[in-house]
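Here the structure is laid out as structure tokens; the discussion comes afterwards.
Predicted model, so just to flag it, every value in this text is computed and none were measured. Each residue takes its place number in the sequence, starting with 1.
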Amino acid sequence: MTDKNKQSEQLADYRKWLIAAEQKSQEDFDKTILSLSGGALGISFVFLKDVIGPHPILQYGFLLAAWLAWAFSTFSVLTSYYLSHLALRRAIAQVDDGTIYKQPPGGVFARWTAILNAIGAVLFLVGVCSITVFAGTNISTKGESNDRKETAIPAASSNTTTSSNTTPKANPDAG
């Protein structure tokens with residue numbers, strides 16, 4: 001086998017791999033988006049409903065920051081998947097026209113895919129840190145609020161019982 005035939009065979013194998021990678025990328029697209037947005041946002045809504053409940057929400061800016069970070073993380077990942085798709089198509093075209101050895105595979109699309117993946121990961125972590133601060137603030141405040149209610153409830157119930165009692169009590173000194 002000549003070197004030229006070996007190179008052609010390697011390019012044909014590489015092209016097959018690129019096509020398979022493109023298909024895999026498209027398959028994983030929906031799963032990743034659902035995991036990022038649905039999981040993080042869903043957990044934060046459950047936290048609001050079940051943990052904070054009717055108590056006042058403190059430091060809501062951190063909750064908003066988490067939601068925005070996760071939204072932009074999702075957008076970044078969505079965009080990176082699309083650009084990855086374009087990068088793979090570009091690499092296939094580079095193999096087909098023989099420029100694969102002269103240019104970076106995927107061109108600018110591959111570079112932006114890597115950048116957006118990193119941005120998506122950083123934004124997801126920013127969202128996690130923001131929700132952690134928000135949760136920590138609201139859980140500790142809720143605990144203090146519950147302690148105050150527990151001490152206030154018995155006093156209020158004894159006052160209510162005494163004041164609602166319409167039968168006058170006998171005075172022990174009067175008798």
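Sorted by first and then second residue, the salt bridge (charged side-chain N to carboxylate O under 4.0 Å, His left out) pairs with a member in residues 122-131 form an empty list; sequence neighbours excluded. For the side chain to side chain donor-acceptor pair (under 3.5 Å) condition, the pairs that include at least one residue of residues 110-134, sequence neighbours left out, are Ser80-Asn117.
In this structure, Thr74 contributes its side chain and Trp70 its backbone to a donor-acceptor pair below 3.5 Å. A donor-acceptor contact shorter than 3.5 Å links the side chain of Thr2 to the backbone of Asn5.
Cluster annotation: Phe45 and Val133 are assigned to the same hydrophobic cluster (Ile/Leu/Val/Met/Phe/Trp/Tyr, side-chain heavy-atom contacts under 4.5 Å, transitive). Both Phe72 and Leu64 belong to a single network of hydrophobic side chains, linked directly or stepwise wherever heavy atoms of I, L, V, M, F, W or Y lie under 4.5 Å apart. Val122 and Phe124 end up in different hydrophobic clusters when Ile, Leu, Val, Met, Phe, Trp and Tyr side chains are linked at under 4.5 Å. Tyr82 is connected to Ile115 through a chain of hydrophobic side-chain contacts under 4.5 Å among Ile, Leu, Val, Met, Phe, Trp and Tyr, so both are in one cluster.
Applying the 6.0 Å contact sphere to CZ of Phe62 captures no more than 12 heavy atoms from other residues, nucleotides or ligands. No more than 12 heavy atoms of other residues, nucleotides or ligands sit less than 6.0 Å from atom OH of Tyr60.
Atom CG of Asp3 and atom OG of Ser8 lie 11.0 Å apart (nearest 0.5 Å). Taken from CG in Asp96 to CG in Leu18, the straight-line distance is 9.5 Å, to the nearest 0.5 Å. In this structure, the separation between CG on Leu88 and CG on Leu83 is 11.0 Å, given to the nearest 0.5 Å. Distance check, rounded to the nearest 0.5 Å: CD1 of Ile92 to CG of Asp97 gives 12.0 Å.
With sequence neighbours left out, the side-chain contact (heavy atoms from CB on, under 4.5 Å) criterion links Ile100 to Leu11, Tyr14, Gln94, Val95, Pro105.
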Would Arg90 and Val108 count as a side-chain contact (heavy atoms from CB on, under 4.5 Å) here? Give the steps. CA-CA 9 Å; Arg90 176 72 185 126; Val108 70; over 6 Å; no

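Within the 4.5 Å cutoff, no side-chain heavy atoms of Val77 are placed close to those of Leu116. Contact of the Phe134 side chain with the Ile57 side chain is registered, since non-hydrogen atoms from C-beta on lie closer than 4.5 Å.
Between Ser73 and Gly120 the shortest heavy-atom distance is OG-O, 2.8 Å. Residue Ser44 comes nearest to Ile131 through the heavy atom pair CB-CD1, 3.9 Å, listed as atom of the first residue, atom of the second, then distance.
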